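So the structure is just underneath, and the comments pick up after that.
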Amino acid sequence: MPHHSSPISLIITIVIVIYFLFFNKGFDSEYFRLRALRALAKKLQLNFSSNVDFEAPKRWAFISWMNRGTVPTTYNTFHGYYQDCLVTFFDYSFAAGSARYYWSTYILELKANFPDLLISHETMESRIVEALGQNHLAFESAEFSHKFRVRCADKKFAYEICHQKMMEFLLANQDLTIEIKGGAIALLFEVWLKPEKVEHNLARLIELRKLLPAYLFEKPRH
């Protein structure tokens with residue numbers, strides 16, 4: 001006699017299929033994310049590599065945010081010119097203790113040699129740093145000073161960067177963590193690249209570049 005599946009076994013099979021299609025994040029979601037990132041690279045006309053790179057973190061090590069944890073790697077790397085600016089952005093992963101973290105970094109290269117300036121948010125880490133005497137800078141805008149922590153050894157440079165229009169932009173984009181150092185400005189996120197957010201973040205990176213005072217690029221810095 002032919003074997004007929006029971007309704008219960010059929011339901012179980014359907015549930016298993018749905019699980020692997022929609023909830024198996026170790027396989028399915030990463031597959032579709034990678035496919036979306038590849039399509040995005042083609043749309044933006046940027047070079048793209050999904051390969052894991054152990055050397056890239058060394059190249060960007062002058063960005064302090066990239067010096068966290070151990071065994072840092074980058075992957076899903078975009079590189080090229082976007083709106084006449086040379087950009088590189090990628091997934092960034094590192095180990096800390098028994099956990100591994102997955103962040104992302106957007107970098108725009110500058111023809112400059114700027115001191116290290118970090119614009120971040122109040123965290124447990126920032127409070128510990130301040131307790132050790134490394135205080136953040138205060139600004140005329142009480143709201144900006146409350147929302148952001150600005151650290152830079154060159155106070156004059158920090159105030160030149162955080163002018164009125166820059167503070168207004170940052171208050172309208174409070175999810176941003178920014179580091180400027182040497183010849184680069186970086187946006188840093190504690191989450192991996194999200195295809196649906198990439199163009200928005202690139203637009204904000206370009207806007208930050210436009211907000212940097214032109215005269216700063218004319219000043220020799222040592």
Side-chain angles (χ1 to χ4, degrees), residues 30 33-68 72-94 101-121 148 152 157 160-163 165-166 169-170 172-218 221:
E30 182 59 12
R33 185 173 79 99
L34 179 57
R35 192 166 75 172
L37 291 174
R38 288 186 186 279
L40 190 59
K42 186 175 181 180
K43 175 185 175 182
L44 300 176
Q45 298 183 328
L46 296 173
N47 296 322
F48 177 78
S49 173
S50 61
N51 295 336
V52 172
D53 189 341
F54 291 94
E55 295 302 316
K58 298 176 184 177
R59 292 197 296 273
W60 300 111
F62 64 90
I63 298 173
S64 64
W65 199 269
M66 295 283 292
N67 290 305
R68 302 193 174 203
T73 61
T74 66
Y75 58 104
N76 292 336
T77 302
F78 291 75
H79 179 73
Y81 282 90
Y82 181 80
Q83 295 187 13
D84 298 323
C85 294
L86 186 58
V87 299
T88 304
F89 53 100
F90 42 75
D91 284 318
Y92 172 60
S93 178
F94 62 90
Y101 296 87
Y102 298 88
W103 292 3
S104 56
T105 305
Y106 294 73
I107 299 170
L108 188 152
E109 295 184 43
L110 305 167
K111 293 181 179 179
N113 184 25
F114 291 148
D116 190 18
L117 180 146
L118 181 65
I119 303 174
S120 60
H121 305 275
F148 289 94
C152 183
F157 176 71
E160 288 174 322
I161 291 293
C162 297
H163 52 78
K165 288 187 178 180
M166 177 67 83
F169 174 79
L170 292 173
N173 295 272
Q174 294 185 26
D175 60 315
L176 296 182
T177 296
I178 301 159
E179 184 167 359
I180 299 174
K181 187 174 183 181
I185 178 170
L187 291 184
L188 310 141
F189 298 94
E190 294 185 35
V191 63
W192 60 17
L193 292 175
K194 293 187 176 182
E196 68 276 13
K197 295 285 189 180
V198 165
E199 290 184 83
H200 175 57
N201 289 334
L202 279 176
R204 295 194 290 176
L205 183 61
I206 297 296
E207 184 61 25
L208 281 168
R209 168 61 184 87
K210 292 178 179 178
L211 286 169
L212 297 180
Y215 67 84
L216 290 178
F217 293 87
E218 301 168 359
R221 292 186 179 272

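Since we're looking at a predicted model, the values are computed, not measured.
Distance check: Y92 OH to Y102 OH gives 13.0 Å after rounding to the nearest 0.5 Å. From E109, atom CD reaches atom NE2 of H79 across 6.5 Å, with rounding to the nearest 0.5 Å. Between the CG atom of L40 and the CG atom of L202 there is a distance of 8.0 Å, given to the nearest 0.5 Å. Summarising the geometry, atom CD1 belonging to I185 is positioned 7.5 Å from atom CD1 belonging to I119; distances are rounded to the nearest 0.5 Å. The structure places NZ of K58 at 12.5 Å from CE of M66, a figure rounded to the nearest 0.5 Å. From K210, atom NZ reaches atom CD of Q83 across 6.0 Å, with rounding to the nearest 0.5 Å.
The shortest non-hydrogen separation linking K111 to F217 is O-CD2, 3.6 Å. Across P57 and P72, no two heavy atoms sit closer than the pair CG-O, 3.6 Å. What you find for F157 and L216 is that their closest heavy atoms are CE1-CD1, 4.1 Å. Contact record, L211 with H163: O-NE2, 2.7 Å, taken as the closest heavy-atom pair.
Surrounding CD of Q174 are more than 12 heavy atoms belonging to other residues, nucleotides or ligands, all under 6.0 Å away.
The closest side-chain heavy-atom distance from K181 to W65 is not below 4.5 Å. Using a 4.5 Å heavy-atom cutoff, the side chains of Y101 and R68 are not in contact. Within the 4.5 Å cutoff, no side-chain heavy atoms of R59 are placed close to those of T88. W60 places none of its side-chain heavy atoms less than 4.5 Å from the side chain of T105. Between M166 and L212, some side-chain heavy-atom pair lies under the 4.5 Å cut-off. Side-chain contact between L187 and I178: present, with at least one pair of heavy atoms (C-beta onward) separated by less than 4.5 Å. The shortest side-chain heavy-atom distance between L37 and F78 falls under the 4.5 Å cut-off. Counting only heavy atoms from C-beta outward, the side chains of T77 and D53 never approach each other to under 4.5 Å.
No side-chain donor-acceptor contact under 3.5 Å links S104 to the backbone of F90. Proximity of a side-chain donor or acceptor of H121 to a complementary backbone N or O of L176 within less than 3.5 Å is detected. Panel note: side chain E179, backbone S64; a donor-acceptor pair is recorded below 3.5 Å. In this structure a side-chain-to-backbone donor-acceptor pair under 3.5 Å is present from N67 to A61. Looking at Y82, its side chain never comes within 3.5 Å of a backbone N or O of L44 through a donor-acceptor pair.
The side-chain hydrogen bond (donor to acceptor under 3.5 Å, both in side chains) search around E199 returns K43, not counting sequence neighbours.
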Exercise. Run the side-chain contact (heavy atoms from CB on, under 4.5 Å) check on F62 and D116 step by step: do they pass?
Worked result: CA-CA 9 Å; F62 64 90; D116 190 18; over 6 Å; no
Problem set entry | salt bridge (charged side-chain N to carboxylate O under 4.0 Å, His left out) between R204 and E207, worked out | CA-CA 5 Å; R204 295 194 290 176; E207 184 61 25; over 6 Å; no
For this session: Could you check L208 against I180 for side-chain contact (heavy atoms from CB on, under 4.5 Å), going step by step and ending with a plain yes or no?
Result: CA-CA 11 Å; L208 281 168; I180 299 174; over 6 Å; no
For this session: Give the intermediate values and the outcome of side-chain contact (heavy atoms from CB on, under 4.5 Å) for residues T74 and D91.
Result: CA-CA 6 Å; T74 66; D91 284 318; over 6 Å; no
For this session: Dump the intermediate steps for side-chain contact (heavy atoms from CB on, under 4.5 Å) on L205 and N201, then the final yes or no.
Result: CA-CA 6 Å; L205 183 61; N201 289 334; over 6 Å; no
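Of the candidates F48, W103, Y75, Y106, Y106 is the only one forming a ring pair (Phe, Tyr, Trp, His ring centres under 6.0 Å) with F89.
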